[in-house]
Amino acid sequence: MSQPLLHALHFVLALLLSPLLFGIINRVKAKVAGRHGKPLLQTYFDLIKLLRKGCVRSDCTTPVFTLAPCIQISATVLALYFLPLGGVASPAGFAGDFLLVSYLLAAGRFVIMLAALDTGSSFEGMGASREATFSAFAEPVLFLAMIVLTSFYMDLGHSEAYAFSLGTLFGGQSALAWLNGKLELLFIPPVFFLLLLVENSRIPVDDPTTHLELTMIHEVMILDHSGPDLALILYASTVKLWFFASLIASLFIPPMQIWQESLLWLLLIFLLAVILGLLESSMARLRLHRVPALIGAAGMMAALALILSQMR
Amino acid sequence: MSLFLLSLAAFAGAALCCLSLAVLRPTRQRARLANLLGVLGASAGSAVGLWAILSTPFATPLEVTLPFGLPVGACTLSIDPLGRLFLLPVFVLGALTAVKGAFSLAHELTSHNLAVHWFFFLMLLLGMSLVMAANDTVLFLLSWEIMSLAPFFLIDFHDSEKQVRDASWIYLTAAHLGAVFLLALFVLLWQKTGTTTISSPETISIISGFSPELRSLLFVLALLGFGAKAGLAPMHVWLPEAHPAAPSHVSALLSGAMINAGLYGILRVTSILSLRSTPESWWGWTLLVLGLATALTGIFKALAQSNLKRLLAYSSVENMGIMLMGAGVGLIGYTTKNFWMTTFGFAACLYHMLNHAAFKGLLFLGAGEVLHATGTVNMAYLGGLHKKMPLLGLLFAVGAASIASLPPFNGFVSEYLLALALLDAPRLVGSEQQVGVLLSLVGLGVISGFALALYVKAYGIPFLGTPRSGFSRTVHAPTPLSLWPLVLLALLCLLLSLAAARIFPHLAGAVSSSFPPPHTWDVASLLQDATNGLSTICLTSLGLIFLSLLFLLFRSILLRGKKQEVRGTWSCGYQESSPRIQYTDAGFTEPSARFLKTLMGVTATVRLDNDIFPKESHLSVSAPPRLIRLFYTPLFQGIETVCNALKIMQHGKIHIYILYILVTLCVLLIWGVY
Amino acid sequence: MLFDSCLFLLLVSNFLLLATPHIRQMTKYTALQGILLALLLLLFGHTILTVAVLLIKGILLPGLLWHTQKRLPPDSLICPRKLAAFDVVCGMAGLAFAIWLDDRLIVTQELFPPLFLSLGLTTLFCGFILIIGRIKAITHVIGYLVAENGIFLLGMPLMTKGTTWFELALLLDVFVAVFVMGIAINRISDSFASIDVARFRSLRD
């Protein structure tokens, strides 16, 4: 099978399976707490239910409010398309595509924050303000982690056009590199994991299941969305989780047979969901002013990796 | 070239007509006539000028020497690709801001002498076009002075307010302190080369024979002189004072086109200093570090502002910093013979210059509309403007998304190019250089992250939500017809992104004409890489728009025949809601301010009523310009003290003054003998 | 591979030491460093020294510190968090400086395996940062230990058979120093009710 077709296949697979991640996380949390838990497919049921509903809109909103979920889901899906999925590089890859991807995700955040401000609610404004701050702190860390990877591939003697594209950066060569003494690359997966926690508003950054609006970040921004709009937002957040999980998984997949790679990819992503579930059942949410310290720790790790990889 | 001269003549002719109107007693008719004359002159001149630079092939330089000259030096005008690029914002913004200005000034026919205003507006346009085209030291300095002086009178439009008068004085001081360095630069250049021509093969070959110290001195002088105009930190203090004070169409032109002249000067001087000889390696590093410092200063201070126009002014500082970073990394690349870095660095600088002109013009004009409609640009009083003025809201949102460098708009393209240039750092020699350049890319990440937060605030707080005070409840909405300059600028923002693959080769051409590559560099493959990336970005942008519309359609199909209600915002159980409990601009940046207090310079004063039943409390958050208070004011006060001390010589006794003359004469005679 | 991992873990343990505000954790990391040093010695082939280092640096000294901490009030075992972030940044600067220095010192190229010299210097710097940046007397002891680990690392490739006894003596010296300090800290905490070094100011004049 040709490369673009394989990638498209994986892409469709990712879009179909992404709601399953929330199901796995919830199931693990329930098991740890000794409950039976929701069905694994609960997110699918939620999505279908929401899509079939009507919608309630606040009287002070503008078209920004309606447009935001549509733009966010489009941006997230497009961002996912640029990733190498299951060990297959995206046919659309180009030099520096990780910038496009990170700005696409930023565009999604931008419109959701605007939609939150659009409702005129103080709670949603609060959520937007926190999201703006924390994502601003997370952006340079993402850049730093990507820089470590690009300079690793540049040091291998690749050309710029090749070394700067996501297909290369997450193409699996780094998976074997730490066995050959590039130990600093071991810092990169934890950095991406911390970024996953921040960008997807998981515990310990944000608690998606808390009942108190005052302590939320992401969930409080979408309080006024309902029906299909909420479905789009929910789906976008599952795709985003898949996006980051796939980033981390790709770092561990060494070059193998195609079917082995895609199997390992799915396995690792689901494993990450299980780890997330375990983490969420064993930790409490951090106090808000400690979140930048978490991002800072990720930044420190990435910086350490950069210094080590660049300076020898 | 004759077309370009025609456009200069149009500016000058219209300016003269306005001047003759200005000396007459102002009446309503004359004001209307001046308004018409001004806008016609500006737009006709700009249109002809635009035609002049776009109709001829981009890479061919145009040159003309006017038969009538100045007393010293020749009237030589030449337009090379670099000049062409910098003329584009001048003409486009010149025409559009003039039209917008005419619309908004139509309400002030009797309160001000509009003929004077238009005279200086046209002089500013004339000065800017001459600066970008002058190829003679004296002509350049002369047009630089015209360009620097005219804004003083434009900023001073509402001269009955003390703040405005102060702002224009600060501008004038900054402009002239910068001009002192430029004077030194050009006089030195003239003295050492023996000709007043700035850039010709002869001067270049003379300059390439200079000692490294002399060339470094020239570079530093250019950096100080042009940096003051460009708003290089810490010389940026005039921008946040002057832009809020000026009428909005003037701030748009100043921010989008005039401060570019500083960048143009830096690029031009660096180019003539590095042609035929390698530049010193610390030049590029200075530009990169200063650019990064400028951008960080700009973004953090902008985040703390609550005045929309002041916020935009600080954001101009930030964007100028990004452009300088591009120039810096380009120069580092040129010094180390790295073609990738050179091309992408300088191209990012130039592309960002064009982009900044488009979105900052749009945003300043939009802020002007807000001011006109509500009477304030203080975001704490605004809110819900999008509902009242949907078209303006949409345009401002486009501007905000562009400047926050989000696809599908243009800001992304230039940041992408800059990041590509910075990413090539592992090719440099020496680990500290590699890490230095890579860390400045992390700096770019900080800047773009906070730019996103900044523009969520700048658009979200005034335009979305519900009105926070009476200011935005009674809105004087603009007619859609008067907004077409903004519509054009918004379309330009989109176009500059979608046509990036077409524009980039021209930019690369401009770069290689000013910083010519050795023959060994593989131009074609680099252009291929760049075009490949840029066209994918263009496709993705189109895809984003198309997909969003598709999802919108999907949503409306799903909702067909279903119940769609409009209710009040859910207020989490609180019944007594008030617009005052919405997040304000200061509240929005509070989490950032908590972590970055020192960088943002935010001060909050709280006055609580400590009674058992508290009545009224007071909280104010502000971000005063620290640099002026802590550095410039003491500096100028010190100078004043020294000058006052010298007054001992000025006592009014004429016979002693004669003694001074005698003493001077004697000293000169003695000096002459030795 | 094993050698590289040891060096890498040592480096990471340095930064963990700087990053954690809990003195208990710091003690554990010191023990880890001791064990890693012993492992490195084993890889270099100094068996006697391995046993001695493992005993003294890996078990005795951390054990002593652990014992001392048991007698201290729990709230005195946490340093301010803000300092930790600053310390890590300083440590990173130290690492960058050490690697930069490693590039410049041509003499040592054949003596030291890659990253070895910079690691030793970084460990030394981290020890000093711990001493300078923290205010508890016990962190001074830990900082001293870490700095000594750094010096030990620098000396390791220079060791020959003859110098083993010299190294052992040095080790004993350190042991005595820490022992004395451990006793001193006990006394300090008795008479000042805190182990903040800032309290020493009341002793002047």
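Order of the sequence lines sets the chain letters (A, B, ...), proteins ahead of strands, with each chain counted from 1. As the structure is a prediction and not an experimental result, all values here were calculated from the model.
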Below 4.5 Å from any heavy atom of chain A, which atoms of [X] appear? Answer side chain, backbone, both or neither.
{"X": "B:F412", "value": "side chain"}
{"X": "B:K563", "value": "backbone"}
{"X": "B:Q528", "value": "neither"}
{"X": "B:F554", "value": "side chain"}
{"X": "B:R567", "value": "both"}
{"X": "B:D424", "value": "both"}
{"X": "B:A401", "value": "both"}

[X] versus chain B, heavy atoms under 4.5 Å apart: side chain, backbone, both or neither?
{"X": "A:L223", "result": "side chain"}
{"X": "A:V64", "result": "side chain"}
{"X": "A:S151", "result": "both"}
{"X": "A:T61", "result": "backbone"}
{"X": "A:F123", "result": "side chain"}
{"X": "A:P140", "result": "both"}
{"X": "A:L142", "result": "neither"}
{"X": "A:F82", "result": "side chain"}

Practice task
For B:Y459 and B:Y455, run ring-ring contact (aromatic ring centres under 6.0 Å, His included): C-alpha distance rounded to whole Å, both residues' side-chain angles, the deciding distance at 0.1 Å, then the answer.
Solution key: CA-CA 6 Å; B:Y459 169 68; B:Y455 281 95; over 10 Å; no
Between [options], who has the most heavy-atom pairs with chain B when the cutoff is under 4.5 Å?
{"options": "A:S122, A:A132, A:A161", "answer": "A:S122"}
{"options": "A:M126, A:K53, A:M113", "answer": "A:M126"}
{"options": "A:I71, A:V77, A:L67", "answer": "A:I71"}

Handout entry: Within the 6.0 Å centroid threshold, strictly below: B:F396 and B:H386
Key = no
Looking at side-chain heavy atoms only, is the closest gap between [X] and [Y] below 4.5 Å?
{"X": "A:L230", "Y": "A:I222", "result": "yes"}
{"X": "A:L99", "Y": "B:E415", "result": "no"}
{"X": "A:I295", "Y": "A:V291", "result": "yes"}

Problem - Pair B:T540, A:Y81: side-chain N/O donor-acceptor within cut-off below 3.5 Å - result: no
Handout entry: Side-chain donor-acceptor contact under 3.5 Å, A:T62 with A:D118
Key = yes
If you count heavy-atom pairs within less than 4.5 Å of chain A, which of [options] leads?
{"options": "B:V446, B:T466, B:L394", "value": "B:V446"}
{"options": "B:Q564, B:R427, B:Q582", "value": "B:R427"}
{"options": "B:A453, B:G393, B:P426, B:G460", "value": "B:P426"}
{"options": "B:A419, B:S405, B:P579", "value": "B:S405"}

Exercise for the section: Hey, can you tell me if A:F98 and A:F143 have their rings parallel, tilted or perpendicular (30° and 60° cut-offs)? Expected result: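 Ring orientation of A:F98 relative to A:F143: perpendicular.
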Problem - Spatial distance of atom OG (A:S309) from atom CZ (A:F152) [nearest 0.5 Å] - result: 9.5 Å
Exercise for the section: Apply the test ring-ring contact (aromatic ring centres under 6.0 Å, His included) to residues A:F137 and B:F595: give CA-CA distance (whole Å), side-chain angles for both, the deciding distance (0.1 Å), then the verdict. Expected result: CA-CA 10 Å; A:F137 281 119; B:F595 303 112; 5.7 Å; yes
